Amino acid sequence: MSLFRLIYASRAAEALTPVDHEQILGSSRRNNGKAGVTGVLAFGTRDFLQCLEGSREAVNATYSRILGDPRHQDIQLIDCRDVEQRWFGEWGMHGLPPSRLTRQRVLRYSERELFTPTRMAGASVIALLADLARELDTEASAPATSAPETTPPGARAAGEPAREGLLAKIGLKRES
Ligand code: FAD
């Protein structure tokens, strides 16, 4: 089975609260876990940037559902391709709150300090996600004394070895 990665950006239909973020992440983790889809969802003030990884079929089915969601608009497909390995294999859907998108990080990849991925160059979006993936991977590889705040329930519990989260659940082995 080949692996596929899809990246899109969109704008929230209206200002969303952390509760809205949690609702979106809740259904994402529930559905993605069953479908073997992993990824990251970054929240800006009114913007979303999401990376979906899994089988081409599962990623397309997930994206089709997301396209019809009234909670966002101006949905822009940025990149989709076959890939050799996952970037975010630890997470059914890792939620990145606005605090992780620091001014410094955003400015490294865009002309504005406000995180607006629908206005960023595709290559910059991909570079930003690769950067985040490296950072999250380093965090996940560190000895776990307690689960980080953004760890989805069930993906990696406190004290659980770092590389045995969702992958074990969905029967996938992470490539080294
Ligand atoms: P439930 O989550 O139980 O929701 C039932 C229905 O109510 C759905 O049709 C849903 O669209 C709608 N709904 C729920 N809350 C609201 C609300 N506050 N306002 C309007 N309608 C609402 N889903 C995934 O499975 N995987 C993802 O990775 C994923 N990423 C997403 C990223 C973004 C930016 C957004 C906005 C949504 C995302 N979703 C994702 C949600 C997706 O669009 C569907 O809502 C979800 O897949 C439906 O799951 P469900 O059938 O379990 O329904």
Side-chain angles (χ1 to χ4, degrees), residues 1-83 85-101 105-106 109-110 114-120 122 124-126 128-130 132-133 136-137 140 148-156 165-167 169-172 174:
M1 180 186 79
S2 70
L3 269 178
F4 192 66
R5 179 182 301 134
L6 184 150
I7 298 167
Y8 76 87
S10 64
R11 306 222 68 206
E14 52 190 55
L16 298 180
T17 65
V19 173
D20 298 316
H21 293 172
E22 278 312 310
Q23 272 178 3
I24 292 171
L25 287 172
S27 45
S28 302
R29 287 167 185 157
R30 195 174 56 243
N31 296 329
N32 297 3
K34 285 184 213 148
V37 171
T38 54
V40 71
L41 175 58
F43 300 98
T45 328
R46 274 191 87 145
D47 294 78
F48 298 109
L49 173 63
Q50 189 169 30
C51 172
L52 298 163
E53 305 168 320
S55 72
R56 192 179 306 131
E57 189 185 16
V59 167
N60 273 292
T62 304
Y63 184 56
S64 300
R65 271 201 317 279
I66 293 171
L67 281 176
D69 196 310
R71 289 170 285 187
H72 62 164
Q73 57 200 20
D74 190 13
I75 303 167
Q76 296 179 13
L77 179 61
I78 293 175
D79 191 59
C80 58
R81 63 178 76 189
D82 288 321
V83 292
Q85 60 181 29
R86 296 174 193 251
W87 277 347
F88 301 100
E90 299 281 340
W91 298 277
M93 191 43 59
H94 188 85
L96 272 184
S99 57
R100 289 296 290 260
L101 298 158
R105 168 167 276 145
V106 172
Y109 296 104
S110 53
L114 192 66
F115 178 61
T116 44
T118 50
R119 292 180 171 212
M120 288 168 66
S124 302
V125 169
I126 293 167
L128 167 65
L129 285 169
L132 286 167
L136 292 172
D137 201 41
E149 209 175 294
T150 49
T151 299
R156 183 178 162 214
L166 180 85
L167 287 182
K169 271 190 177 176
I170 61 178
L172 290 168
R174 189 190 182 90

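One-based numbering, in listed order, for ligands and for the atoms of each. In this text, all values refer to a predicted model and were calculated from it rather than measured experimentally.
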Would you call the rings of His21 and Phe43 parallel, tilted or perpendicular, where under 30° means parallel and over 60° means perpendicular?
parallel
Which of the atoms of ligand 1 are close to Arg65, meaning less than 4.0 Å from one of its heavy atoms?
24 (C), 25 (O), 43 (O), 47 (O)
For the side chain of Arg5 and the backbone of Arg81, is there at least one donor-acceptor N/O pair under 3.5 Å apart?
no
Could you tell me if the side chain of Ser110 sits less than 4.5 Å from the side chain of Arg119, heavy atoms only?
no
Only heavy atoms of Ile24, strictly under 4.0 Å: list the atoms of ligand 1 that pass.
31 (C), 32 (C), 33 (C), 35 (C), 36 (C), 37 (C), 38 (C)
In ligand 1, which numbered atoms sit nearer than 4.0 Å to a non-hydrogen atom of Ser27?
2 (O), 25 (O)
Element-labelled atoms of ligand 1 that are located less than 4.0 Å from some non-hydrogen atom of Gln23
18 (N)
Atoms of ligand 1 close to Leu52 [distance to a heavy atom under 4.0 angstrom, numbered from 1]:
28 (O)
From atom 25 (O) of ligand 1, is the closest protein heavy-atom distance below 4.0 Å?
yes
With the side chain counted from C-beta on, respond yes when Thr62 and Leu6 share a heavy-atom pair under 4.5 Å apart, and no when they do not.
no
Which ligand 1 atoms, with their elements, are less than 4.0 angstrom from a heavy-atom of Tyr8?
32 (C), 33 (C), 34 (C)
Heavy-atom distance from atom 29 (C) of ligand 1 to the protein below 4.0 Å?
yes
Sub-3.5 Å donor-acceptor pair from the side chain of Arg46 to the main-chain atoms of Ala13, do we have one?
yes
So, regarding Thr62 and ligand 1 (criterion: nitrogen or oxygen to nitrogen or oxygen, under 3.5 Å), is there a contact or not?
no
Within 4.0 Å of atom 6 (C) of ligand 1 (strictly less), any protein heavy atom?
no
Closer than 4.0 Å: a protein non-hydrogen atom to atom 19 (N) of ligand 1:
yes
Just to confirm my output: which protein heavy-atom neighbour is closest to atom 40 (C) of ligand 1, and how far is it?
Ser28 OG, 3.3 Å
As a check for students: among Leu25, Asp20, Asn31, identify the option with a heavy atom nearest to atom 50 (P) of ligand 1.
Asn31
What do you reckon, does Gln50 have a nitrogen or oxygen under 3.5 Å from a nitrogen or oxygen of ligand 1?
yes
Pairs of nitrogen or oxygen atoms closer than 3.5 Å, one from Arg30 and one from ligand 1: do any exist?
yes
Answer whether the closest heavy-atom distance between the side chains of Arg105 and Leu128 falls below 4.5 Å.
yes
Quick test of your reading of the structure: of Asp69, Asn32, Ile66, whose heavy atom lies closest to atom 45 (O) of ligand 1?
Asp69
Taking CD in Gln73 as the centre, count heavy atoms belonging to other residues, nucleotides or ligands within less than 6.0 Å. Is the count above 12?
yes
Strictly distance-based, threshold 3.5 Å: is any side-chain N or O of Asp20 a donor or acceptor partner for the main-chain N or O of Thr17?
yes
Polar atom proximity, His72 to ligand 1 (N or O, under 3.5 Å)
no
Protein heavy atoms near atom 12 (C) of ligand 1, is at least one of them under 4.0 angstrom away?
no
Heavy-atom protein contact below 4.0 Å for atom 2 (O) of ligand 1
yes
Closest to atom 17 (C) of ligand 1 (heavy atoms only, candidates Arg71, Glu14, Arg11, Met93) is Arg71
Is there side-chain contact between Val40 and Leu132, with heavy atoms separated by less than 4.5 Å?
no
pair Ile78-Met120: side-chain heavy atoms closer than 4.5 Å
no
